[in-house]
Amino acid sequence: MSQQAGGDRGLFSGHFGFVIAAAASAVGLGNIWRFPYLTAKYGGGIFLLVYLILMLTFGYALIVAETSLGRSTRLSPVGAYRAYAGSKHSPFLSFGGWLNAIVPMLIFPYYCLIGGWIIKYLVEFSMGKVGILAGDGYFGGFISDTWEPVLWHLAFLGCTLAVILKGVEKGVEKASRVMMPLLLLLAAVVAVYSMTRPGAGAGIYYYLVPDFSKLSIMTVVVACGQLFFSLSIGMGILITYGSYMKKDVDVEKATNRIQIMDTLVALLAGLMIIPAVFAFSGGEAEALNAGPALMFVTIPKVFNSMGFGGAIGTMFFLMVFFAALTSNISIMEACVSTLSDELHWSRRTSALFMTFEAIALGVPCSLGFGPWSFISVAGMSILDMMDFTAATVLCPFAALLTCLLIGRLVGIDKLALDIKASSAFRREKIFRVCIAWLAPVILLIVLVSSVAAALGWIKM
Ligand code: PHE
């Protein structure tokens, strides 16, 4: 469907076309890699609770809003924003549209890097090196190397580019239709295994029981960023996908499915990893604060202690690879369609531009763990900084503008009417309150706090 992005819009075949494409975009490294390490770092159960509350309120409101905004304008974000300016030139609207479009451009380079780490682990597991991967310090040694991680980064970027240029996204989506349920199943098995290890009980407690003394403004700020990252909201992706959606598809039901799937994978990833941190790494502050390394350090230890660890590890990383690839394709698609819609570049030129961008920004992220590790702001590595800027600062900003666009310009009534045309819209009240009041207020607080945290005024 993406080939028609610039001109006549292709449409998804119906409910499932949209759900599968949007779920393929949503379920990815955000659920399996990002969610567990943030939960571990920001207080376990309390982070989970805040995340779930945000998911049910404005996560829900925004996913519905963005999808129906796209559906009613039939345009990708920059155009969708501008559509409401009529013939006037509106800098506010252009800015809002571009902000939505720029976030995926920032995420893309480091998403490719983490995708590269996944391929590396996939290859090593398939060669049976389970014991070596589980060794202390192995991962640290790998990412601090100057060139090796960069080569894997290029490999993942190459896979994405190949799929996009060959126009075989459909085939990959079909494969992920099988891979996604398998991933869920395997994650459930591994989670049960992790939870039954000696010492894991403390981890289950830490993950599931909220400790209110650990609640801080940063819990909310980071949970909010995670919500955007994981559901692919605030980055124009759902606006674009909504624009391919037929008028008779039930928006509320379709977006609900995506939320459930996305949350389920994240919950399972947490259950796989956090109890294992306690069982295998002692659960001390240092282990819980491992950041982006957490999954890569913990999961091999789990597989190493299992029978058939090599085979299970290979299967697991293969499925994670697919989940990451389909998400990365959606990120690249969003960028390519903005560039070709707005700057009138061909798809090939836009894809080439994104490739260079991914190298220019992705390589420094990788070097930030090795030769450039002296560069750090507020304790963040280069990758952390880019991730923080994109997901925690710019996404809420973009979402805030979307709320204002809908609340003040489009009119919630108009959008609600459009949603009701095909759906019972049972949670209309929550939707209205969130878009008009709750989300703008919370997003503003989040935005101010995230900037204050980046400047070192409040503790990360
Ligand atoms: N939501 C995806 C994930 O959880 C990542 C993503 C981010 C996809 C931004 C599209 C846009 O991995």
Side-chain angles (χ1 to χ4, degrees), residues 2 19-39 51 55 59 62-63 66-67 70 76-77 99-118 156 160 163-164 169 172-173 176 179-180 183-184 187 222-242 255 258-270 292 295 319-338 354 358 362 383 386-396 398-399 402:
S2 43
V19 171
I20 285 165
S25 167
V27 176
L29 295 173
N31 312 60
I32 302 155
W33 158 74
R34 204 174 184 274
F35 177 79
Y37 87 71
L38 292 175
T39 310
Y51 181 77
M55 172 69 89
L62 281 169
I63 191 173
E66 286 201 2
T67 309
S76 40
L99 196 60
N100 271 279
I102 278 172
V103 177
M105 294 185 190
L106 280 180
I107 292 180
F108 187 58
Y110 68 85
Y111 208 91
C112 289
L113 179 62
I114 313 291
W117 296 354
I118 300 281
F156 192 72
T160 313
V163 173
I164 296 225
E169 291 99 315
V172 176
E173 249 157 48
S176 82
M179 289 290 181
M180 226 171 338
L183 174 68
L184 266 177
V222 175
C224 189
Q226 172 58 18
L227 186 69
F228 291 118
F229 191 100
S230 191
L231 285 179
S232 318
I233 47 184
M235 17 206 147
I237 288 189
L238 288 165
I239 301 185
T240 310
Y241 281 9
T255 49
I258 296 158
Q259 275 195 304
I260 293 173
M261 182 84 175
D262 191 67
T263 312
L264 212 61
V265 178
L267 284 176
L268 280 176
M295 158 183 172
M319 287 162 201
V320 176
F321 167 72
F322 262 91
L325 186 64
T326 52
S327 298
N328 205 35
I329 290 168
S330 79
I331 303 179
M332 190 162 183
E333 266 302 335
C335 303
V336 167
S337 80
T338 308
M354 288 311 301
L383 185 148
M386 278 189 60
D387 183 46
F388 187 81
T389 311
T392 318
V393 182
L394 297 182
C395 259
T402 302

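All ligand and atom numbering here is 1-based and tracks the order in the structure.
The 4.0 Å heavy-atom shell around ligand 1 contains residues Ser25, Ala26, Gly28, Leu29, Gly30, Asn31, Ile107, Tyr111, Phe229, Ser230, Ser232, Met235, Ile237, Ser327, Ser330, Ile331, ordered by chain and number.
With hydrogens and angles disregarded, no donor-acceptor distance shorter than 3.5 Å links the side chain of Thr392 to the backbone of Thr389. At least one donor-acceptor pair under 3.5 Å links the side chain of Tyr111 to the backbone N or O of Leu29. Glu66 places a side-chain N or O within 3.5 Å of a backbone atom of Gly234 that can act as its donor or acceptor partner.
Between the side chains of Ser232 and Ser25, at least one donor N or O sits under 3.5 Å from an acceptor N or O.
The aromatic rings of Phe156 and Phe321 sit perpendicular to each other, their planes meeting at more than 60°, with 30° as the lower class boundary.
Here Met354 contributes atom CE and Thr338 contributes atom OG1; the two are 9.0 Å apart, rounded to the nearest 0.5 Å.
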